[in-house]
Amino acid sequence: MRQRFFVVPVDDRLVIEVEYSMNDGIPFPFVVRLMTEWEEEKICVSRFDSSHREEPPHQDIMGLRQGLMEKVFYPELDYRDTVAITIAEFKSHGQDLLETFLQN
């Protein structure tokens with residue numbers, strides 16, 4: 001099993017970090033992080049991950065002061081497609097997630 005990692009720039013404040021292994025043609029386990037810099041430190045704004053194969057993929061929504069604010073499960077998502085869907089979602093809604101992060 002080979003670990004893969006790559007970065008997708010979103011804008012001047014955000015990048016997406018993607019890390020996964022391929023198992024039987026499925027990216028599992030995986031984590032996709034929306035990252036920003038805060039006080040010269042890389043920090044996670046939100047992330048999608050696979051945690052356990054028995055559970056559906058989920059998103060962790062973070063707050064600057066509150067840390068983990070919410071864990072949202074997506075039972076309708078297939079592990080095969082979740083990494084690509086998450087990258088597109090973070091590109092489209094990254095600024096909204098960043099604002100939520102900074103306000104909390």
Side-chain angles (χ1 to χ4, degrees):
M1 186 167 41
R2 189 170 153 230
Q3 190 77 8
R4 298 174 184 177
F5 176 82
F6 61 92
V7 176
V8 179
V10 177
D11 58 30
D12 61 334
R13 297 172 72 187
L14 295 167
V15 297
I16 300 167
E17 294 181 350
V18 181
E19 188 174 348
Y20 66 95
S21 296
M22 291 301 284
N23 275 308
D24 298 323
I26 299 170
F28 184 88
F30 76 86
V31 62
V32 182
R33 297 177 204 90
L34 182 64
M35 304 293 291
T36 193
E37 279 198 26
W38 182 259
E39 296 179 354
E40 297 182 31
E41 184 177 326
K42 281 177 47 173
I43 193 160
C44 183
V45 173
S46 182
R47 72 179 160 258
F48 264 82
D49 65 71
S50 56
S51 71
H52 306 285
R53 196 167 199 153
E54 304 82 42
E55 295 180 359
H58 69 272
Q59 180 180 14
D60 296 325
I61 300 171
M62 312 296 282
L64 178 61
R65 290 169 291 290
Q66 293 182 18
L68 178 61
M69 297 188 325
E70 185 177 6
K71 189 176 292 265
V72 181
F73 287 88
Y74 292 90
E76 71 279 6
L77 289 180
D78 184 299
Y79 276 113
R80 287 185 200 282
D81 305 321
T82 303
V83 170
I85 290 169
T86 302
I87 292 169
E89 184 72 18
F90 281 168
K91 282 182 172 181
S92 297
H93 301 288
Q95 284 299 321
D96 297 333
L97 289 164
L98 179 59
E99 291 308 313
T100 298
F101 173 80
L102 293 173
Q103 292 172 6
N104 293 287

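Checked against side-chain hydrogen bond (donor to acceptor under 3.5 Å, both in side chains), K42 has the following partners two or more places apart in sequence or in another chain: E17. With sequence neighbours left out, E19 forms a side-chain hydrogen bond (donor to acceptor under 3.5 Å, both in side chains) with Q3, R33. Residues forming a side-chain contact (heavy atoms from CB on, under 4.5 Å) with V18 (at least two apart in sequence, or on another chain): F6, I16, Y20, V32, V83, I87. Every side-chain hydrogen bond (donor to acceptor under 3.5 Å, both in side chains) that Q59 has, sequence neighbours left out, goes to S46, Y74.
The hydrophobic clustering, which links ILVMFWY residues whose side-chain heavy atoms are closer than 4.5 Å, places V31 and L14 apart. In terms of hydrophobic clustering, with Ile, Leu, Val, Met, Phe, Trp and Tyr side chains grouped at heavy-atom distances under 4.5 Å, V72 and V45 are assigned to a common cluster.
Taking CZ of R13 as the reference point, atom CG of L34 lies at 11.0 Å (rounded to 0.5 Å). Atom CD of residue E37 and atom CG of residue D12 lie 11.0 Å apart, to the nearest 0.5 angstrom. Atom CG of D49 and atom OG1 of T82 lie 11.0 Å apart (nearest 0.5 Å). Atoms CZ and CD1, from F48 and I85 in turn, are 8.5 Å apart once rounded to the nearest 0.5 Å. Note that the CG atom of N23 and the OG atom of S50 stand 9.5 Å from one another [nearest 0.5 Å].
Note on residues 75-91: no pairs pass salt bridge (charged side-chain N to carboxylate O under 4.0 Å, His left out), not counting sequence neighbours.
With side-chain heavy atoms closer than 4.5 Å counting as contact, directly or through intermediates, F73 stands alone and belongs to no larger hydrophobic cluster. V7 belongs to a hydrophobic cluster with F5, V15, M35, counting contacts under 4.5 Å between side-chain heavy atoms of Ile, Leu, Val, Met, Phe, Trp and Tyr, direct or through other members.
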What pairs of donor and acceptor atoms, side-chain ones from residues 93-104 against any protein atom, are under 3.5 angstrom apart with sequence neighbours left out?
unit_1: Q95; atom_1: NE2; unit_2: D11; atom_2: OD2; d: 2.4
unit_1: T100; atom_1: OG1; unit_2: D96; atom_2: O; d: 3.2
unit_1: N104; atom_1: ND2; unit_2: T100; atom_2: O; d: 2.7

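A heavy-atom distance below 4.5 Å is found between the side chains of M22 and P27.
Of all heavy-atom pairs spanning E70 and L68, the tightest one is O-CD1, 3.5 Å. Of all heavy-atom pairs spanning P56 and Y79, the tightest one is C-OH, 3.7 Å.
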